[in-house]
Number of protein chains: 2
Amino acid sequence: MGQVLKEKSSPDDNDNTGKLSASDRVAGAILQDIRSGRLVPGQHLLEPELTSRLGISRGSLREALKHLAAAGIVDLNRFRGAYIAALDRKSVLDLLDTLEPLARLAARLAATNCPNDRAAQRLVKSAKVLEDLRLSGQRGDYLNERRRFYDMMVEMGGNVELARAMPLSRTDLFRAQVETRQSESQRRRHAEGYAKIAAAVQARDAAAADKAVADHFAGTRKTMAELPAEVFPNG
Amino acid sequence: MGQVLKEKSSPDDNDNTGKLSASDRVAGAILQDIRSGRLVPGQHLLEPELTSRLGISRGSLREALKHLAAAGIVDLNRFRGAYIAALDRKSVLDLLDTLEPLARLAARLAATNCPNDRAAQRLVKSAKVLEDLRLSGQRGDYLNERRRFYDMMVEMGGNVELARAMPLSRTDLFRAQVETRQSESQRRRHAEGYAKIAAAVQARDAAAADKAVADHFAGTRKTMAELPAEVFPNG
DNA sequence: TTTCCTGATATTGTCTGACGAAATCATATG
DNA sequence: CATATGATTTCGTCAGACAATATCAGGAAA
C-alpha cells in the first residue's frame with residue numbers, strides 16, 4: 001500500500017467513529033517511534049516486548065504488523081519475526097524516483113484545486129514551522145511536521161487515491177535513517193524546498209509548484225549522493 | 001499503499017522460503033476471487049463464512065483483512081466488518097491520474113533497463129495473450145494476465161519501490177467492476193494498448209513507451225466517460 | 001584452537017475458546 | 001405505518017495452548 005497509515009482519524013482510517021482499533025493504535029505508535037528515533041531501521045521487533053509495552057494482545061499486535069508490512073514499514077520473515085525495514089542506497093534512489101512524480105502531481109493539483117486561501121496559508125505556515133523545527137526541534141517533530149505538510153498538500157488537491165498511493169510512511173523510514181547524518185546546509189536545503197513548494201501553491205501556479213517539487217527532489221538526490229556509505233545497510 | 005499483494009512467491013512476499021503464511025494465502029484467494037468475479041465490489045465479507053470456507057482461524061483471517069485494507073482492497077468498518085471496496089466514478093478517475101505517472105515511469109524504465117531480449121519478448125507475448133483472452137477467456141484470466149503484464153514491466157525496469165507503490169490491486173478492483181460492462185470496441189482498445197506498450201519497450205524506445213502508456217490511459221478515461229452511471233456506486 | 005554437530009531455549013505461526021460491545025434484525029406496540 | 005424494544009448476529013479483543021522453526025550454547029572431532 002502505498003500507504004495509508006495515519007495516527008489520527010483521517011480519510012483512510014478504518015473506522016468512521018473516531019475511535020481507533022487496538023491494531024491501528026499500535027501501528028501509529030510504531031510509526032511515531034520510528035520518526036522519533038526510538039525504533040531504528042533494521043531493529044528486530046519482538047512480540048512479547050511490544051505486547052507488554054503497549055498493553056495489547058498478540059492478535060492485535062500481529063494485525064498491526066501485517067498492516068505495517070503491507071505499507072513496507074516492517075519486513076516480516078517467517079518464523080523470524082518483524083524487522084523495521086532498512087533501505088539501502090539503491091532503494092532510496094528508487095523510492096525518490098517513485099515518489100517524485102506523485103509529489104509533483106500532488107503539488108499541481110494543490111495549486112489548481114486549492115479550495116480557499118486559508119488552506120494555502122496553512123501550507124505556508126507548515127513550511128515555516130519546518131524551518132523553525134529544523135534548528136530547534138526534536139527530530140521526531142520535524143518529521144511529523146513534514147508528514148503533515150504532505151498530507152495537507154495532497155488533501156488540497158482533492159485526489160483521494162493519491163493519498164493512498166504516496167509511499168509517505170516509507171519515506172518517513174528513510175528520513176529517519178538519514179536525518180541525523182545530514183549537514184546543516186543539507187538540512188537547510190531540505191526545509192527551504194518546502195517553503196518554495198508552499199509559495200508556488202499559494203500563488204496558484206501549478207507549473208511553478210511542479211518545478212519546485214522537482215527541484216526539491218533534485219536536492220534530496222544530491223544529499224543522498226553526498227552521504228557516506230555507512231548510512232545505508234550493506235555498505 | 002501502493003500495493004504489494006501477490007499470490008505466488010514474489011519480491012514482496014512475507015517469506016523467503018516459498019511457503020506462504022495462512023493470512024497471505026487468504027489475501028491471495030480473496031484477490032483472486034475479486035478478479036474472477038466470485039466476490040464483487042461492495043460485498044460484505046463475513047468472518048464466519050470465510051473462516052469455514054477457507055479453513056483457517058479467525059486470527060489469520062483478520063490478519064489477511066488488515067493486509068487487504070492497507071492495500072485498499074477492502075474497507076473495514078468498526079463493528080460492521082469488511083466490505084470489498086467499491087470505487088465511484090471520481091475515485092476511478094483519481095486512481096487513473098495517480099497510476100498514470102507511475103505506469104509511465106515503469107514503461108520508461110523497462111525500455112531503458114530491459115535486461116535482455118527474452119524479457120521484452122515475454123512482455124510482447126503477454127500482450128498477445130491478452131488479445132486472445134479478450135475474446136475467448138474467462139474474465140478472471142484476462143485480469144490475471146493484465147496483472148502479470150504490469151508486474152513484468154515493473155520488474156524489467158528494476159525499480160523495486162515502484163512495485164510497492166503502484167496501486168495495481170486497487171486497479172484490479174475497478175477493472176473487476178467495469179470489465180463486464182465494456183463494449184467490444186472498448187475491450188479491443190484496452191487490449192491493443194498493451195500491445196503498443198510492449199512494442200515500444202521491445203524497441204527500447206523510452207519516449208515511445210511513455211507515450212504508449214499515456215495513450216492507453218487516455219483510452220481508459222474515454223471508456224470511463226462512456227460507461228453509464230449504474231456501473232459505479234452512488235449513481 | 002577452530003569447526004561442526006546436537007540439543008535446549010526462544011520466538012513465531014496458528015488454533016481454540018471466551019467475553020463484552022456494537023450493529024442488525026424481528027417483533028410488538030402505539 | 002412508524003417506532004421502540006428485545007434477541008440475535010457479528011465484530012473487537014483477550015488469554016492460553018501447541019507445533020514448527022530459528023537461534024544459541026556447549027561439547028565432540030579435526
Side-chain angles (χ1 to χ4, degrees), chain A residues 4-10 12-30 39 42-70 73-86, chain B residues 4-10 12-30 39 42-70 73-86:
Chain A
V4 173
L5 282 172
K6 303 185 182 179
E7 290 85 88
K8 6 191 163 179
S9 62
S10 58
D12 75 301
D13 265 346
N14 299 341
D15 70 290
N16 12 21
T17 70
K19 287 183 183 174
L20 293 169
S21 69
S23 57
D24 287 338
R25 270 185 294 121
V26 170
I30 290 176
L39 298 175
Q43 183 168 348
H44 192 181
L45 300 180
L46 296 177
E47 292 183 359
E49 197 271 331
L50 285 175
T51 52
S52 70
R53 178 158 71 84
L54 299 169
I56 56 162
S57 69
R58 262 186 87 204
S60 295
L61 172 62
R62 290 176 58 83
E63 285 179 19
L65 291 177
K66 278 286 177 192
H67 191 156
L68 291 168
I73 308 304
V74 305
D75 287 335
L76 289 179
N77 303 95
R78 194 174 168 86
F79 292 112
R80 294 188 49 200
Y83 294 78
I84 306 285
Chain B
V4 176
L5 283 172
K6 304 184 182 179
E7 290 86 87
K8 9 191 161 180
S9 62
S10 57
D12 76 300
D13 265 347
N14 298 340
D15 70 289
N16 11 22
T17 71
K19 287 183 184 175
L20 293 168
S21 69
S23 56
D24 288 337
R25 270 185 292 120
V26 170
I30 290 176
L39 298 175
Q43 184 169 346
H44 192 182
L45 300 180
L46 296 178
E47 293 184 358
E49 197 271 331
L50 286 176
T51 53
S52 70
R53 177 157 71 86
L54 299 169
I56 56 164
S57 70
R58 261 185 86 205
S60 296
L61 172 62
R62 289 176 58 83
E63 286 179 18
L65 291 177
K66 277 287 177 190
H67 191 155
L68 292 169
I73 309 304
V74 305
D75 288 335
L76 289 179
N77 302 95
R78 193 174 169 84
F79 292 111
R80 295 189 48 201
Y83 294 78
I84 306 285

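Reminder, nothing fancy here: chain letters follow the sequence lines and each chain counts from 1. Any value given below was found using the heavy atoms of this structure, including those in side chains, with hydrogens, waters and symmetry copies removed.
- Considering only side-chain N and O atoms, B:Lys19 lies under 4.0 angstrom from the phosphate OP1 or OP2 of D:dT21.
- Between B:Arg80 and C:dT24 there is a side-chain polar atom (N or O) within less than 4.0 angstrom of OP1 or OP2.
- Near-neighbour residues of DNA chain C inside residues 42-49 of chain A, defined by a heavy atom below 4.0 Å, number-ordered: A:Leu45, A:Leu46, A:Glu47, A:Pro48.
- In this view, B:Phe79 satisfies the ring-ring contact (aromatic ring centres under 6.0 Å, His included) rule with no residue, not counting sequence neighbours.
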Check the pair A:Tyr83 / A:Val74 against side chain to side chain contact (heavy atoms under 4.5 Å, CB included), numbers first and verdict last.
CA-CA 5 Å; A:Tyr83 294 78; A:Val74 305; over 6 Å; no

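- Checking A:Ala22 against A:Phe79, the closest nucleotide of DNA chain D that is more toward the 5' end is the one next to A:Ala22.
- Without hydrogens or angle criteria, A:Thr51 side chain to A:Glu47 main chain gives a donor-acceptor distance under 3.5 Å.
- Considering only residues two or more places apart in sequence or on other chains, B:Gln43 meets the side chain to side chain donor-acceptor pair (under 3.5 Å) condition with none of them.
- Of all the residues in residues 54-65 of chain A, A:Arg58, A:Arg62 reach under 4.0 Å from DNA chain C with at least one non-hydrogen atom.
- A side chain to side chain contact (heavy atoms under 4.5 Å, CB included) with A:Ser23 is found for exactly one of A:Lys66, A:Glu63, A:Arg62, namely A:Glu63.
- Without hydrogens or angle criteria, A:Ser52 side chain to A:Glu49 main chain gives a donor-acceptor distance under 3.5 Å.
- The interatomic distance linking B:Asn77 (CG) with D:dG12 (P) rounds to 9 Å, in whole Å.
- Looking at every heavy atom in both residues, A:Leu54 comes nearest to A:Ala29 through CD2-CB, 4.4 Å.
- Rounded to whole angstrom, the span from the CG atom of B:Leu20 across to the C1' atom of C:dT14 amounts to 15 Å.
- For B:Arg25, there are no side chain to side chain donor-acceptor pair (under 3.5 Å) partners at least two apart in sequence or on another chain.
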